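Encoded as structure tokens, the structure appears first; notes follow it.
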Amino acid sequence: MRLFKAILLLMLVVSIIPTLMVGWLSVSHTRELLIRDAQELAQERVKQLRLKAESYLEDPTEMVVGLSSVPGGFLTLPRDTQKLHIAAVLNQRPEVLALTVFGADKQRLPGLQAFAVHDMAPSAVAEHEERARALLDEGLTGVRYSDVVASQGGGNGGPVVTLAFPVGDPVQGYMAADLTLAGLRQMLAQERVGSTGFAYLADRHGRLITGGGDLGAVGDDVSNRLPLAHLLKQREGTPDTELFHVGNFGEGRDAVVSAYSVLPEAGWAIVSEQPVEHAYRQVETMERRILLGLGGAILVALVLAAIFSRNLTQPLKTFIATSLELARGKFGVEVHLKQKNELGELAQTFNYMSKQLMAYDMETRGLYESLEKGYLETIVALANSIDSKDAYTRGHSQRVGDVAVEIGKELKLTERELRQLQYGGILHDIGKIGIAENILCKQSRLTDQEMATMREHPAIGDAIIGPVTFLGSVRACVRHHHERWDGTGYPDKLKGESIPLLARIVACADTFDACTSTRPYQKAMPLEKAMEILDNLSGAQLDPKVVVALRAVLAQRGVRLEGHRQPVKLAS
């Protein structure tokens, strides 16, 4: 699992880091391009609005100024001709609301004043004349525009600006005209700057002329709007310089993308504003799309990395599991891989090795079985040499080994432990070789001294088989088969479970065979009587668990007793 995680992490790092870098560079570069595009769009919008506004002012202005250049000079024409020219201007240019001619003394010439009756109230004519005189008092050298005021007339309505200019050189008189900016207002109102932006016109003092948005009425102070404030500050040092600027103004929710420019003739500022969040919506959309693309790429990379890692680590897990089986002795086991790569070749090599090990194992098992058979024959010969000394114990060691094995099976011991029980049962009395025959074969009860000598046989047997490495695992059976569960046995007075289990099993089998065999001092007991005695010895001399296992063996399978060729069972 650690290798899978390591490979998966490595694959993710190798695939995701370049993806993230490309994504980051794409977002950064594209963001800059989109922001620049948004600002360029605002810049182009203001340029177009400026051209439209200049055109709107220029056409009627040229028409009015053109009166001063009529053939023969306007002021020298007959009065009726002058009136006809003035009426023509009013008729041809609906933007012109009123037109007044002044003499060189700046006094209105009689009969040379006209106005659009339907678009201008009589009271507004007096205001027009007043604004015109204000312009004349400034000392005109060319066309001059007044501050924009709100129209008091009906019809087109809208903001009104007064223009005035001198006639003749040297100056012979002056002309003044009122122009309605209703068309300009309509144009700006229709100009859409995104979904929430707008454009507007302001004069050189920061007062609103006209425009979209909820900015207020004509003449209201809008100089606190950040783009316009920036423009007015720029114009403080260079009032006559043609200015143009585009950028972001403000912070947070009030931030706007704005561009502004100045109409040079009138000195008005035309400004376009749009909230940043809307102006750069394409940026956010692009970022979301790129992030979604990155997320998809990372997900694909994760899936592919997981598949690649699994395809690499899953065979390794199979190799590990199969190797463990091989290590546990299951030779011939094979790894089945369909991959035709290095892992597949490794699997073929592993399978060949496993088959070779199986062949070697079978050969070794044959040799081992032959060797074990020779060992067993030698052990049986040793046991028979003991039994041959005493006709009453002939076959005793073999029977003890057989009964011990049956008890071991009932206790679910391993094959190795069962083999040790077989050897231990056969060799448990090997130490009697060192006991004098007069004591070993004595037909009457032994004296205390003779009994002490007889009790030396477990230690003698342990000393005999101790140097034999092959029999090292059965020494406990030989040395401790006369230990007692209550700790009163010999030679080491071990107690309870401190007595090795194999020795406890051999002790039980030894006692059982002693009860069911004919001895100089007793006759063979019936099976039920023998088990009654073993039950009485349970917990004192014998391990109760082992006695229960022996009873189960006798009830289920039975054991071979002295004088019987077939296993004998307890009656159910």
Side-chain angles (χ1 to χ4, degrees), residues 371-405 419-485 487-495 498-522 537 541-542 562:
L371 183 61
E372 190 177 51
K373 184 177 180 181
Y375 280 143
L376 185 58
E377 291 173 351
T378 302
I379 291 170
V380 172
L382 287 172
N384 290 337
S385 69
I386 300 168
D387 293 347
S388 66
K389 285 188 174 186
D390 187 355
Y392 286 100
T393 61
R394 184 170 293 116
H396 166 70
S397 298
Q398 184 66 51
R399 291 194 300 274
V400 169
D402 293 342
V403 173
V405 169
R419 193 177 301 111
Q420 292 170 1
L421 279 175
Q422 181 77 60
Y423 297 163
I426 293 174
L427 293 174
H428 75 284
D429 280 338
I430 189 68
K432 288 183 178 180
I433 292 176
I435 304 300
E437 288 189 17
N438 61 330
I439 296 175
L440 187 63
C441 300
K442 187 176 180 179
Q443 299 296 313
S444 59
R445 184 175 296 278
L446 299 177
T447 65
D448 291 343
Q449 185 177 0
E450 289 172 339
M451 181 60 70
T453 300
M454 179 65 77
R455 288 183 174 180
E456 292 177 359
H457 79 273
I460 294 172
D462 183 31
I464 290 173
I465 67 173
V468 184
T469 304
F470 170 68
L471 299 175
S473 58
V474 302
R475 290 180 62 184
C477 298
V478 175
R479 184 175 181 86
H480 299 301
H481 70 278
H482 279 297
E483 300 286 356
R484 292 173 60 94
W485 185 256
T488 60
Y490 62 90
D492 300 320
K493 297 187 179 301
L494 301 180
K495 182 179 181 180
S498 61
I499 305 170
L501 175 60
L502 300 185
R504 282 181 267 155
I505 295 173
V506 170
C508 183
D510 185 25
T511 304
F512 173 77
D513 190 72
C515 291
T516 55
S517 302
T518 299
R519 299 295 176 94
Y521 47 85
Q522 74 173 31
L537 294 176
Q541 177 179 333
L542 303 176
E562 181 185 26

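Computed from heavy atoms alone, side chains included, the values below leave out hydrogens, waters and symmetry copies. Small disclaimer: the values here were computed from a predicted structure and weren't measured.
Taking NZ from Lys495 and CH2 from Trp485, the interatomic distance works out to 10.0 Å, rounded to the nearest 0.5 Å. Considering CE of Met451 and CD of Gln449, their distance stands at 12.5 Å, rounded to 0.5 Å. Here NZ of Lys432 is found 12.5 Å from CD1 of Ile464. Values are rounded to the nearest 0.5 Å. One finds the CG atom of Asp462 at 11.0 Å from the SG atom of Cys477 (value rounded to the nearest 0.5 Å). The CD1 atom of Ile499 sits 12.5 Å away from atom NE2 of His481, with the distance rounded to the nearest 0.5 Å. The distance from atom CG of Leu427 to atom CD of Gln420, rounded to the nearest 0.5 Å, is 12.5 Å.
For Asp448, the CG atom counts as loosely surrounded, since its 6.0 Å shell holds 12 or fewer non-hydrogen atoms of other residues, nucleotides or ligands.
Closest approach of Ala404 to Ile505, counting heavy atoms only: O-CG2, 3.6 Å. Between Leu542 and Thr511, the shortest heavy-atom distance links the atoms CD2-OG1, 3.9 Å. The nearest pair of heavy atoms linking Gly461 to Ile430 is CA-CG2, 3.6 Å. When all heavy atoms of Leu446 and Ile439 are compared, the pair lying nearest together is CD2-O, 3.6 Å. The minimum heavy-atom distance linking Ile426 with Ser397 is given by the pair O-CB, 3.2 Å. Of all heavy-atom pairs between Gly489 and Lys493, the closest is O-CG, 3.3 Å.
Taking the salt bridge (charged side-chain N to carboxylate O under 4.0 Å, His left out) definition, one finds that Asp513 meets it with Arg399, sequence neighbours left out.
Between His428 and His480, the distance separating the two ring centers is not shorter than 6.0 angstrom.
Counting heavy atoms from C-beta on, the side chains of Pro500 and Leu494 come closer than 4.5 Å. With contacts defined as side-chain heavy-atom distances shorter than 4.5 Å, the pair Ile465/Val478 qualifies.
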Go through the steps for Tyr423 and Val474 under the test side-chain contact (heavy atoms from CB on, under 4.5 Å), then give the verdict.
CA-CA 7 Å; Tyr423 297 163; Val474 302; 3.8 Å; yes
Taking it one step at a time, do Val405 and Arg419 satisfy side-chain contact (heavy atoms from CB on, under 4.5 Å)?
CA-CA 8 Å; Val405 169; Arg419 193 177 301 111; over 6 Å; no
Test side-chain contact (heavy atoms from CB on, under 4.5 Å) on Gln398 and Gln422 and set out the steps.
CA-CA 8 Å; Gln398 184 66 51; Gln422 181 77 60; 3.5 Å; yes
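Using a 30° and 60° split on the angle between ring planes, His482 and Tyr490 fall in the parallel class, below 30°.
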